[in-house]
2 protein chains.
Amino acid sequence: MRLSTKGHYGLKAMFDLAMHYGSEPLPIPLKVIAERQGISEHYLEQLIAVLRKIGLVKSIRGAQGGYILARPPSQIKVGDVIRALEGPIAPLDCVSEFEPTACEKEHYCISRDIWARVRDSIAEVLDSITLEDMCRDAAKVSTDRVES
Amino acid sequence: MRLSTKGHYGLKAMFDLAMHYGSEPLPIPLKVIAERQGISEHYLEQLIAVLRKIGLVKSIRGAQGGYILARPPSQIKVGDVIRALEGPIAPLDCVSEFEPTACEKEHYCISRDIWARVRDSIAEVLDSITLEDMCRDAAKVSTDRVES
DNA sequence: TCAATCCCAAGTAAACCACTCGGTTTTCTA
DNA sequence: TAGAAAACCGAGTGGTTTACTTGGGATTGA
(Lines give C-alpha, C1' and ligand atoms only; values in the text may rest on other atoms or scores of the structure.)
Protein backbone atom coordinates (compact mmCIF):
# COMPACT_ATOMS: atom_id res chain seq x y z
CA MET A 1 0.00 0.00 0.00
CA ARG A 2 2.77 2.38 -0.87
CA LEU A 3 2.85 5.27 -3.24
CA SER A 4 5.84 5.23 -5.56
CA THR A 5 8.03 8.26 -6.00
CA LYS A 6 6.27 8.93 -9.29
CA GLY A 7 3.12 10.16 -7.62
CA HIS A 8 5.04 11.79 -4.82
CA TYR A 9 7.48 13.71 -7.01
CA GLY A 10 4.84 14.50 -9.58
CA LEU A 11 2.62 16.07 -6.98
CA LYS A 12 5.52 18.08 -5.60
CA ALA A 13 6.26 19.39 -9.06
CA MET A 14 2.64 20.29 -9.68
CA PHE A 15 2.47 22.00 -6.32
CA ASP A 16 5.59 23.97 -7.22
CA LEU A 17 3.98 25.10 -10.47
CA ALA A 18 0.80 26.00 -8.64
CA MET A 19 2.70 28.13 -6.13
CA HIS A 20 4.09 30.16 -9.02
CA TYR A 21 0.94 30.35 -11.05
CA GLY A 22 0.04 34.03 -11.25
CA SER A 23 -2.37 36.05 -13.33
CA GLU A 24 0.17 36.01 -16.16
CA PRO A 25 2.00 32.75 -15.52
CA LEU A 26 5.60 32.51 -16.64
CA PRO A 27 6.98 29.14 -17.68
CA ILE A 28 9.19 27.55 -15.05
CA PRO A 29 12.15 25.50 -16.22
CA LEU A 30 12.32 21.92 -15.06
CA LYS A 31 15.72 22.53 -13.57
CA VAL A 32 14.28 25.07 -11.16
CA ILE A 33 11.44 22.79 -10.10
CA ALA A 34 13.81 19.88 -9.63
CA GLU A 35 16.19 21.96 -7.52
CA ARG A 36 13.48 23.52 -5.40
CA GLN A 37 11.83 20.18 -4.74
CA GLY A 38 15.02 18.15 -4.44
CA ILE A 39 14.32 15.73 -7.28
CA SER A 40 16.63 14.35 -9.97
CA GLU A 41 16.04 16.54 -13.01
CA HIS A 42 16.20 13.76 -15.58
CA TYR A 43 13.87 11.57 -13.62
CA LEU A 44 11.37 14.38 -13.15
CA GLU A 45 11.55 14.96 -16.89
CA GLN A 46 10.02 11.55 -17.45
CA LEU A 47 7.26 12.21 -14.99
CA ILE A 48 6.36 15.61 -16.33
CA ALA A 49 6.25 14.15 -19.85
CA VAL A 50 3.37 12.00 -18.65
CA LEU A 51 1.64 14.99 -17.11
CA ARG A 52 2.06 16.91 -20.34
CA LYS A 53 0.67 14.11 -22.51
CA ILE A 54 -2.32 13.83 -20.24
CA GLY A 55 -2.83 17.58 -20.48
CA LEU A 56 -2.20 18.71 -16.92
CA VAL A 57 0.77 20.90 -17.82
CA LYS A 58 1.83 22.80 -20.92
CA SER A 59 5.41 23.14 -22.07
CA ILE A 60 7.21 25.98 -23.79
CA ARG A 61 10.33 24.94 -25.62
CA GLY A 62 13.55 26.81 -26.19
CA ALA A 63 15.38 29.34 -24.07
CA GLN A 64 13.26 30.95 -21.36
CA GLY A 65 10.89 28.08 -21.79
CA GLY A 66 9.59 25.75 -19.13
CA TYR A 67 6.33 24.40 -17.82
CA ILE A 68 3.06 25.93 -16.69
CA LEU A 69 -0.14 24.39 -15.43
CA ALA A 70 -2.65 23.76 -18.19
CA ARG A 71 -5.49 24.92 -15.92
CA PRO A 72 -5.66 27.08 -12.81
CA PRO A 73 -4.75 25.30 -9.56
CA SER A 74 -8.36 25.38 -8.42
CA GLN A 75 -9.26 23.09 -11.30
CA ILE A 76 -6.61 20.44 -10.73
CA LYS A 77 -7.30 17.80 -8.13
CA VAL A 78 -4.59 15.84 -6.38
CA GLY A 79 -6.37 12.74 -7.63
CA ASP A 80 -5.84 13.87 -11.24
CA VAL A 81 -2.09 14.03 -10.71
CA ILE A 82 -1.87 10.73 -8.87
CA ARG A 83 -3.98 8.86 -11.40
CA ALA A 84 -1.91 10.27 -14.25
CA LEU A 85 1.30 8.94 -12.75
CA GLU A 86 0.24 5.88 -10.80
CA GLY A 87 -2.67 4.68 -12.87
CA PRO A 88 -6.21 4.13 -11.63
CA ILE A 89 -6.68 3.79 -7.91
CA ALA A 90 -6.88 0.07 -7.34
CA PRO A 91 -5.73 -1.80 -4.23
CA LEU A 92 -6.41 -4.90 -6.32
CA ASP A 93 -6.92 -5.19 -10.06
CA CYS A 94 -10.41 -6.55 -9.61
CA VAL A 95 -11.55 -3.32 -7.97
CA SER A 96 -9.75 -0.90 -10.27
CA GLU A 97 -11.58 2.37 -10.81
CA PHE A 98 -11.39 1.87 -14.54
CA GLU A 99 -11.81 -1.47 -16.29
CA PRO A 100 -11.56 -3.79 -13.31
CA THR A 101 -10.31 -7.20 -14.31
CA ALA A 102 -12.51 -10.19 -13.64
CA CYS A 103 -12.27 -11.84 -10.24
CA GLU A 104 -12.24 -15.59 -10.06
CA LYS A 105 -15.91 -16.03 -10.82
CA GLU A 106 -16.24 -19.34 -9.00
CA HIS A 107 -17.59 -17.94 -5.78
CA TYR A 108 -18.28 -14.39 -4.83
CA CYS A 109 -15.17 -12.94 -3.25
CA ILE A 110 -16.11 -11.30 0.01
CA SER A 111 -12.87 -9.39 0.42
CA ARG A 112 -13.60 -7.56 -2.83
CA ASP A 113 -16.07 -5.32 -1.05
CA ILE A 114 -13.42 -4.32 1.43
CA TRP A 115 -10.97 -3.30 -1.25
CA ALA A 116 -13.65 -1.40 -3.08
CA ARG A 117 -14.29 0.56 0.10
CA VAL A 118 -10.58 1.21 0.55
CA ARG A 119 -10.35 2.40 -3.05
CA ASP A 120 -13.28 4.76 -2.59
CA SER A 121 -11.94 6.21 0.61
CA ILE A 122 -8.57 6.92 -1.01
CA ALA A 123 -10.24 8.47 -4.05
CA GLU A 124 -12.44 10.58 -1.83
CA VAL A 125 -9.47 12.12 -0.06
CA LEU A 126 -7.46 12.71 -3.22
CA ASP A 127 -10.38 14.17 -5.15
CA SER A 128 -11.37 16.52 -2.34
CA ILE A 129 -8.08 18.43 -2.48
CA THR A 130 -7.05 20.76 -5.28
CA LEU A 131 -3.66 22.33 -5.91
CA GLU A 132 -5.22 25.61 -4.80
CA ASP A 133 -6.07 24.04 -1.46
CA MET A 134 -2.47 22.96 -1.10
CA CYS A 135 -1.22 26.49 -1.84
CA ARG A 136 -3.62 27.95 0.71
CA ASP A 137 -2.48 25.48 3.34
CA ALA A 138 1.15 26.21 2.53
CA ALA A 139 0.55 29.93 2.95
CA LYS A 140 -1.18 29.30 6.25
CA VAL A 141 1.69 27.18 7.52
CA SER A 142 4.27 29.85 6.71
CA THR A 143 2.10 32.52 8.36
CA ASP A 144 1.75 30.38 11.45
CA ARG A 145 5.49 30.03 11.55
CA VAL A 146 6.11 33.76 11.38
CA GLU A 147 3.54 34.35 14.11
CA SER A 148 4.93 31.78 16.47
CA MET B 1 -1.18 2.08 -4.33
CA ARG B 2 -1.57 -1.63 -4.72
CA LEU B 3 -1.95 -4.38 -2.21
CA SER B 4 0.36 -7.32 -2.79
CA THR B 5 -0.92 -10.87 -2.83
CA LYS B 6 0.41 -11.28 0.68
CA GLY B 7 -2.33 -9.20 2.22
CA HIS B 8 -4.89 -10.48 -0.21
CA TYR B 9 -4.16 -14.18 0.27
CA GLY B 10 -3.60 -13.77 3.98
CA LEU B 11 -6.99 -12.21 4.43
CA LYS B 12 -8.61 -14.94 2.38
CA ALA B 13 -6.98 -17.55 4.58
CA MET B 14 -8.05 -15.80 7.77
CA PHE B 15 -11.57 -15.48 6.42
CA ASP B 16 -11.56 -19.18 5.65
CA LEU B 17 -10.52 -19.97 9.21
CA ALA B 18 -13.17 -17.60 10.53
CA MET B 19 -15.89 -19.29 8.51
CA HIS B 20 -14.99 -22.60 10.17
CA TYR B 21 -14.51 -21.26 13.65
CA GLY B 22 -17.12 -22.96 15.81
CA SER B 23 -17.70 -23.26 19.53
CA GLU B 24 -15.14 -26.08 19.61
CA PRO B 25 -12.87 -25.12 16.72
CA LEU B 26 -11.09 -27.91 14.90
CA PRO B 27 -7.71 -27.21 13.32
CA ILE B 28 -7.85 -26.80 9.56
CA PRO B 29 -4.92 -28.05 7.52
CA LEU B 30 -3.20 -25.56 5.29
CA LYS B 31 -3.81 -27.80 2.32
CA VAL B 32 -7.55 -27.42 2.74
CA ILE B 33 -7.40 -23.65 3.08
CA ALA B 34 -5.13 -23.37 0.06
CA GLU B 35 -7.42 -25.51 -2.05
CA ARG B 36 -10.61 -23.77 -0.97
CA GLN B 37 -9.13 -20.34 -1.57
CA GLY B 38 -7.19 -21.22 -4.68
CA ILE B 39 -3.77 -20.31 -3.35
CA SER B 40 -0.42 -22.09 -3.74
CA GLU B 41 0.02 -24.15 -0.60
CA HIS B 42 3.73 -23.53 -0.20
CA TYR B 43 3.34 -19.83 -0.69
CA LEU B 44 0.49 -19.62 1.80
CA GLU B 45 2.69 -21.48 4.25
CA GLN B 46 5.05 -18.53 4.33
CA LEU B 47 2.24 -16.10 4.88
CA ILE B 48 0.59 -18.05 7.66
CA ALA B 49 3.97 -18.39 9.38
CA VAL B 50 3.96 -14.61 9.73
CA LEU B 51 0.42 -14.64 11.06
CA ARG B 52 1.41 -17.30 13.57
CA LYS B 53 4.47 -15.44 14.80
CA ILE B 54 2.40 -12.33 15.27
CA GLY B 55 -0.17 -14.34 17.21
CA LEU B 56 -3.21 -14.15 14.98
CA VAL B 57 -3.39 -17.91 14.40
CA LYS B 58 -2.34 -20.95 16.38
CA SER B 59 -0.94 -24.09 14.84
CA ILE B 60 -1.31 -27.71 15.84
CA ARG B 61 1.41 -29.96 14.51
CA GLY B 62 1.26 -33.57 13.46
CA ALA B 63 -1.49 -35.58 11.83
CA GLN B 64 -4.98 -34.10 12.18
CA GLY B 65 -3.26 -30.83 12.93
CA GLY B 66 -3.73 -27.52 11.22
CA TYR B 67 -4.47 -23.92 12.03
CA ILE B 68 -7.09 -22.15 14.08
CA LEU B 69 -7.66 -18.50 14.84
CA ALA B 70 -5.95 -17.38 18.02
CA ARG B 71 -8.96 -15.27 18.95
CA PRO B 72 -12.62 -15.33 17.95
CA PRO B 73 -13.39 -13.67 14.59
CA SER B 74 -15.07 -10.75 16.32
CA GLN B 75 -11.76 -9.82 17.87
CA ILE B 76 -9.68 -9.83 14.71
CA LYS B 77 -9.81 -6.77 12.52
CA VAL B 78 -8.97 -6.81 8.83
CA GLY B 79 -6.41 -4.15 9.63
CA ASP B 80 -4.61 -6.56 11.98
CA VAL B 81 -4.17 -9.07 9.18
CA ILE B 82 -3.08 -6.53 6.58
CA ARG B 83 -0.58 -4.86 8.90
CA ALA B 84 0.87 -8.23 9.83
CA LEU B 85 1.56 -9.11 6.22
CA GLU B 86 2.10 -5.77 4.53
CA GLY B 87 3.63 -3.77 7.33
CA PRO B 88 2.30 -0.53 8.77
CA ILE B 89 -0.10 1.41 6.63
CA ALA B 90 2.05 4.05 4.99
CA PRO B 91 1.53 5.56 1.55
CA LEU B 92 4.95 7.13 2.16
CA ASP B 93 7.55 6.24 4.76
CA CYS B 94 7.36 9.68 6.31
CA VAL B 95 3.72 9.11 7.27
CA SER B 96 4.04 5.52 8.42
CA GLU B 97 1.68 4.59 11.24
CA PHE B 98 4.58 3.36 13.29
CA GLU B 99 7.99 5.02 13.42
CA PRO B 100 7.65 7.39 10.49
CA THR B 101 11.00 8.22 8.97
CA ALA B 102 12.10 11.81 8.93
CA CYS B 103 11.02 13.95 6.00
CA GLU B 104 13.49 16.31 4.47
CA LYS B 105 13.34 18.85 7.23
CA GLU B 106 14.34 21.79 5.06
CA HIS B 107 10.87 23.09 4.45
CA TYR B 108 7.61 21.75 5.69
CA CYS B 109 6.31 19.29 3.12
CA ILE B 110 2.73 20.15 2.35
CA SER B 111 1.93 16.90 0.59
CA ARG B 112 2.68 15.07 3.82
CA ASP B 113 -0.68 16.09 5.21
CA ILE B 114 -2.41 14.59 2.23
CA TRP B 115 -0.71 11.24 2.65
CA ALA B 116 -1.45 11.25 6.33
CA ARG B 117 -5.12 11.72 5.50
CA VAL B 118 -4.98 8.91 2.96
CA ARG B 119 -3.31 6.67 5.51
CA ASP B 120 -5.97 7.43 8.09
CA SER B 121 -8.83 6.83 5.71
CA ILE B 122 -7.39 3.45 4.74
CA ALA B 123 -6.82 2.50 8.37
CA GLU B 124 -10.32 3.58 9.26
CA VAL B 125 -11.87 1.24 6.71
CA LEU B 126 -9.65 -1.71 7.58
CA ASP B 127 -10.06 -1.29 11.31
CA SER B 128 -13.83 -0.99 11.11
CA ILE B 129 -14.26 -4.50 9.72
CA THR B 130 -13.72 -7.70 11.69
CA LEU B 131 -13.56 -11.25 10.39
CA GLU B 132 -16.95 -11.76 12.02
CA ASP B 133 -18.36 -8.95 9.87
CA MET B 134 -16.98 -10.68 6.80
CA CYS B 135 -18.61 -13.96 7.77
CA ARG B 136 -21.93 -12.24 8.35
CA ASP B 137 -21.74 -10.55 4.97
CA ALA B 138 -20.82 -13.83 3.32
CA ALA B 139 -23.81 -15.53 4.90
CA LYS B 140 -26.04 -12.72 3.70
CA VAL B 141 -24.75 -12.95 0.16
CA SER B 142 -25.42 -16.66 -0.03
CA THR B 143 -28.92 -16.18 1.42
CA ASP B 144 -29.62 -13.48 -1.14
CA ARG B 145 -28.54 -15.85 -3.86
CA VAL B 146 -30.88 -18.60 -2.71
CA GLU B 147 -33.77 -16.14 -2.50
CA SER B 148 -33.22 -14.67 -5.92
C1' DT C 1 25.00 31.81 -33.17
C1' DC C 2 24.72 29.77 -28.92
C1' DA C 3 23.03 28.71 -24.78
C1' DA C 4 18.95 27.43 -22.53
C1' DT C 5 15.53 24.57 -22.62
C1' DC C 6 12.36 20.78 -23.84
C1' DC C 7 12.12 16.10 -25.91
C1' DC C 8 13.26 11.18 -26.54
C1' DA C 9 15.09 6.39 -26.08
C1' DA C 10 17.78 3.18 -24.03
C1' DG C 11 20.23 1.07 -20.27
C1' DT C 12 20.80 -0.54 -15.38
C1' DA C 13 21.46 -1.93 -10.57
C1' DA C 14 18.78 -3.10 -6.91
C1' DA C 15 14.76 -4.45 -4.84
C1' DC C 16 10.56 -6.87 -4.68
C1' DC C 17 7.08 -10.37 -5.93
C1' DA C 18 5.14 -14.63 -6.23
C1' DC C 19 6.21 -18.28 -6.11
C1' DT C 20 8.95 -23.36 -6.15
C1' DC C 21 11.94 -26.98 -4.19
C1' DG C 22 13.61 -29.97 -0.97
C1' DG C 23 13.83 -31.12 2.95
C1' DT C 24 13.12 -31.84 8.79
C1' DT C 25 10.20 -32.40 12.80
C1' DT C 26 6.10 -33.46 15.24
C1' DT C 27 2.11 -36.16 16.31
C1' DC C 28 -2.08 -38.87 15.52
C1' DT C 29 -3.84 -43.30 14.16
C1' DA C 30 -3.88 -48.17 12.80
C1' DT D 1 5.46 -48.99 16.65
C1' DA D 2 5.32 -47.93 11.72
C1' DG D 3 3.53 -44.80 8.66
C1' DA D 4 1.21 -41.02 7.17
C1' DA D 5 -0.36 -36.42 7.90
C1' DA D 6 0.65 -32.37 8.93
C1' DA D 7 3.47 -28.11 10.47
C1' DC D 8 8.04 -26.01 10.05
C1' DC D 9 12.26 -24.20 7.72
C1' DG D 10 15.52 -22.04 4.41
C1' DA D 11 17.25 -21.43 0.04
C1' DG D 12 16.60 -20.52 -4.87
C1' DT D 13 14.47 -18.25 -9.02
C1' DG D 14 12.48 -15.90 -12.98
C1' DG D 15 10.10 -11.95 -13.85
C1' DT D 16 8.68 -7.24 -12.95
C1' DT D 17 9.10 -2.75 -11.07
C1' DT D 18 11.57 1.16 -9.27
C1' DA D 19 14.31 4.95 -9.51
C1' DC D 20 17.11 6.38 -11.62
C1' DT D 21 21.37 7.58 -15.32
C1' DT D 22 23.27 8.32 -19.88
C1' DG D 23 23.54 10.36 -24.11
C1' DG D 24 21.92 12.44 -27.23
C1' DG D 25 18.54 15.52 -30.54
C1' DA D 26 15.16 19.49 -31.54
C1' DT D 27 13.51 24.20 -30.61
C1' DT D 28 13.82 28.97 -29.62
C1' DG D 29 14.92 33.59 -27.31
C1' DA D 30 18.71 37.00 -26.76
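Because only heavy atoms are used, hydrogens play no part in the values below, and waters and symmetry mates are left out as well, while side chains stay in. To find a chain, count down the sequence lines: A is the first, B the second, and so on, and within it residues start at 1. Note that the structure is predicted; figures quoted are calculated from it, not measured.
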Reading 5' to 3' and counting Watson-Crick or G-U wobble pairs with both distances under 3.5 Å, write the dot-bracket notation for DNA chain C, | for bases paired outside the strand. ||||||||||||||||||||||||||||||
Is there side-chain contact between B:Asp127 and B:Val78, with at least one heavy-atom pair below 4.5 Å? no
Can you tell me the distance, in whole Å, between the CD atom of B:Gln46 and the P atom of C:dC17? 12 Å
For A:Glu97 and A:Ala90, indicate whether the former's side chain and the latter's backbone hold a donor-acceptor pair under 3.5 Å. no
Just do the side-chain contact (heavy atoms from CB on, under 4.5 Å) check on B:Ile33 and B:Tyr9 with the steps written out, would you? CA-CA 10 Å; B:Ile33 303 174; B:Tyr9 290 175; over 6 Å; no
A:Leu92 has an atom CG; how far is it from atom P of C:dA18, in whole Å? 10 Å
Does a side-chain heavy-atom distance below 4.5 Å link A:Arg117 with B:Ser128? yes
Answer yes or no: is there a donor N or O on one side and an acceptor on the other, between the side chain of B:His20 and the main chain of B:Asp16, under 3.5 Å? yes
With a non-hydrogen cut-off below 4.0 angstrom, is A:Arg52 in contact with a base, only sugar-phosphate, or nothing? sugar-phosphate
For D:dT18, does either OP1 or OP2 sit under 4.0 Å from a side-chain N or O belonging to A:Lys6? yes
Step-by-step side-chain contact (heavy atoms from CB on, under 4.5 Å) determination, A:Trp115 to B:Leu126: CA-CA 9 Å; A:Trp115 306 120; B:Leu126 298 183; 3.8 Å; yes
Separation of D:dA6 P from B:Ile28 CD1 (nearest whole Å): 12 Å
Is A:Thr5 near enough to D:dT18 that one of its side-chain N or O atoms lies under 4.0 angstrom from OP1 or OP2? no
Here the distance between atom C1' of D:dT21 and atom CG of A:Leu30, to the nearest Å, is 15 Å
When you measure from the side chain of B:Asp133 to the backbone of B:Thr130, do you find a donor-acceptor pair of N or O atoms at a distance under 3.5 Å? yes
OP1 or OP2 of D:dC20 versus the side-chain N and O atoms of A:Tyr9: is any pair under 4.0 Å? yes
Proximal nucleotide (of C:dG22, C:dC7, C:dA18) relative to the B:His42 side chain: C:dG22
In whole Å, I'd like the distance from the CD1 atom of A:Ile33 to the P atom of C:dA4. 18 Å
With a 4.0 Å limit, can you tell me whether B:Ser4 has a side-chain N or O closer than that to the phosphate oxygens OP1/OP2 of C:dC16? no
Do any N or O atoms from the side chain of A:Arg112 and from the backbone of A:Val95 form a donor-acceptor pair under 3.5 angstrom? no
For the side chain of B:Lys53, starting at C-beta, report the closest nucleotide among D:dC9, C:dT20, D:dA7. D:dC9
Please work out if B:Ile48 contacts a base, only the sugar-phosphate, or nothing of the nucleic acid, heavy-atom cut-off 4.0 Å. nothing
Using atom CD1 of A:Ile39 as one end and atom P of D:dA19 as the other, report the distance to the nearest whole Å. 12 Å
B:Asp80/B:Arg71 ion pair, N-O < 4.0 Å: yes
Name every residue in residues 60-70 of chain B that has at least one heavy atom under 4.0 Å from any atom of DNA chain D, in order of residue number, or write none if there are no such residues. B:Ile60, B:Arg61, B:Gly62, B:Ala63, B:Gly65, B:Gly66, B:Tyr67
Has the side chain of A:Glu45 got a donor or acceptor that lies under 3.5 Å from a partner of the other kind on the base of C:dC6? no
Heavy atoms only, 4.0 Å cut-off, all strands: where does A:Lys31 land among base, sugar-phosphate and nothing? nothing
Rounded distance (Å) that lies between atom P of C:dC17 and atom CG of B:Leu47: 12 Å
What's the CD-P distance between B:Glu41 and C:dA18, to the nearest Å? 19 Å
Phosphate contact (C:dT20 OP1 or OP2) by B:Ser40 side-chain N/O below 4.0 Å: yes
Taking C-beta and beyond as the side chain, do B:Met134 and B:Leu11 meet within less than 4.5 Å on heavy atoms? yes
